[in-house]
Amino acid sequence: MLYKNFISFDNNIDVRESLFSGQSFLWNTLDYNGSYYASILGGVIILIRQVSCREIEVIASDNLINGYVINDFISQYFSIDVDIKSSLTDCIEYRYTGLWSVLQGYFSIKVLRQNPYETLITFMCAQGIGMHLIRRQVSILTHIYGEKKSITLFGKEIILHSFPTPERLSSVDPLVLSACTNNNRIRATNIVLAAQAVADGKIDLQALANPAIPLAELRNTLCRNRGIGYKIADCIALFGLGRFDAFPIDTHVQQYLATWFNSTTALRPLTPARYLLLDAEARTFLNPELAGYAGHILFHCWRKEVKKLRSF
DNA sequence: CTCCAGGTGGCGA
DNA sequence: TCGCCACATGGA
């Protein structure tokens with residue numbers, strides 16, 4: 001049994017750019033009458049098609065996800081409650097007019113509220129390698145350790161693999177898991193340890209989802225785990241814990257801070273101390289409460305417009 | 001061949 | 001605290 005819904009939004013939403021801008025590595029593209037994007041959310045198979053700039057079609061294998069009806073869950077997933085323009089201060093509109101005009105095409109990208117555990121593991125796989133490779137590694141991970149699920153759509157069987165549970169990853173030999181971490185055994189070991197910590201409750205992601213926790217404290221807590229530094233911690237916070245104030249700084253962010261915002265700090269190698277400096281700098285021209293939201297828009301814009309990179 | 005890709009941690013000064 | 005290096009592979 002499939003449940004089919006249409007969801008309308010008050011503002012433009014770009015589903016493809018949102019799902020494939022490098023915040024999730026768990027979506028597939030299927031081509032039928034137009035493109036369907038497929039994944040598994042909370043154990044439920046979800047297919048999404050963009051109908052118009054403000055409407056999407058959702059096909060789901062269940063009418064409830066984590067206790068929410070589909071429309072409510074998807075609206076929350078795409079953070080339609082957030083006004084992107086409020087993440088950027090007026091300073092950008094008036095002082096960086098060229099950038100402001102290019103950014104117009106990126107305001108329909110939404111930052112996703114994803115599963116914290118899945119975000120934690122996928123971003124631990126994403127260190128110092130290209131997005132194409134990250135996507136492939138995560139795909140291998142789900143194929144080997146995930147659960148196979150399928151539905152039939154338009155008379156054709158669609159096969160997907162769920163994300164492996166913490167318990168499943170806990171028992172994997174790091175040497176074997178390294179097939180999913182670019183053969184890097186250290187990272188594979190760290191991922192197994194993190195999965196164990198989640199399974200044991202030593203990493204309590206539900207508790208960390210409390211928005212009252214100060215960002216620095218959240219980051220430091222996550223960083224106590226091997227393989228998680230400031231950047232990965234901020235990614236987990238931003239994409240997995242709905243902390244849109246978290247501002248992950250990677251090689252691309254460093255580049256646009258230097259080029260677009262004339263940061264001299266960003267010209268030098270990124271040490272932990274400079275990471276915190278850049279974080280503070282960025283909050284002077286971004287809305288601190290939505291710094292990471294703005295950062296993701298800028299990040300994607302930089303990669304596409306300047307670096308001419310593809311995210312998939 | 002060289003350089004870079006959504007980094008982290010260990011080391012010596 | 002800072003600079004340098006290993007980790008590992010693939011694509012431009």
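Below, chains carry the letters A, B, ... as their sequence lines are ordered, and counting in each starts from 1.
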Expressed as a whole number of angstroms, how long is the span from [X]:[atom1] to [N]:[atom2]?
X	N	atom1	atom2	answer
A:His132	B:dG6	NE2	P	11 Å
A:Leu298	B:dG6	CG	P	17 Å
A:Ile232	C:dC7	CD1	C1'	15 Å
A:Arg310	B:dA5	CZ	P	18 Å
A:Phe123	B:dG7	CZ	C1'	13 Å
A:Gln137	B:dA5	CD	P	18 Å
A:Gln127	C:dA6	CD	C1'	13 Å
A:Leu270	B:dA5	CG	C1'	15 Å

Problem - 5'-most by nearest nucleotide on DNA chain B - A:Cys235 or A:Arg226 - result: A:Cys235
Practice task
By nearest nucleotide on DNA chain B, pick out whichever of A:Asp250 and A:Asn190 is the more 5' one.
Solution key: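 Closest to the 5' end, via its nearest nucleotide, is A:Asp250.
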Give a yes or no on this: more than 12 heavy atoms of other residues, nucleotides or ligands lie within 6.0 Å of atom [atom1] of [X].
X	atom1	answer
A:Arg95	CZ	no
A:Gln206	CD	no
A:Glu93	CD	yes

Classify [X] by what it touches in the nucleic acid, base, sugar-phosphate, or nothing, heavy-atom distance under 4.0 Å.
X	result
A:Gly128	base
A:Lys308	nothing
A:Phe239	base
A:Gly22	base

Quick one: which of [options] gets closest to the side chain of [X]?
X	options	value
A:Arg303	B:dG9, C:dA8, B:dG6	B:dG6
A:Ile129	C:dC2, C:dA8, B:dG6	C:dA8
A:Arg136	B:dG6, C:dG11, B:dA5	C:dG11

Problem - Passing candidate, side-chain contact (heavy atoms from CB on, under 4.5 Å) with A:Thr189, options A:Leu193, A:Ile186, A:Val192 - result: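 So, applying the side-chain contact (heavy atoms from CB on, under 4.5 Å) to A:Thr189 and each of A:Leu193, A:Ile186, A:Val192, only A:Leu193 qualifies.
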So, is [X] close to the [N] phosphate, meaning a side-chain N or O under 4.0 Å from OP1 or OP2?
X	N	value
A:Asn182	C:dA8	no
A:Arg187	C:dA8	no
A:Arg268	C:dT1	no
A:Arg135	C:dG10	no
A:Thr271	C:dC2	yes

Exercise for the section: Spell out yes or no: do the side chain of A:Asn183 and the base of C:dA8 have one donor N/O and one acceptor N/O closer than 3.5 Å? Expected result: no
Problem - Polar pair under 3.5 Å, donor/acceptor by atom type, side chain A:His296, base B:dG6 - result: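 By the distance-only test, yes, there is a pair.
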Problem - Basic-acidic side-chain contact under 4.0 Å: A:Asp83, A:Lys85 - result: no
Practice task
For nucleotides B:dG6 and C:dC4, find the distance between their C1' atoms and express it as a whole number of Å.
Solution key: 22 Å
Problem - Distance between P atoms of B:dT8 and C:dG10 (Å, rounded) - result: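 The same atom, P, in both gives a distance of 22 Å.
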Exercise for the section: Tell me whether A:Tyr77 is reachable from A:Ile40 by hopping between hydrophobic residues (I, L, V, M, F, W, Y) whose side-chain heavy atoms are closer than 4.5 Å. Expected result: no
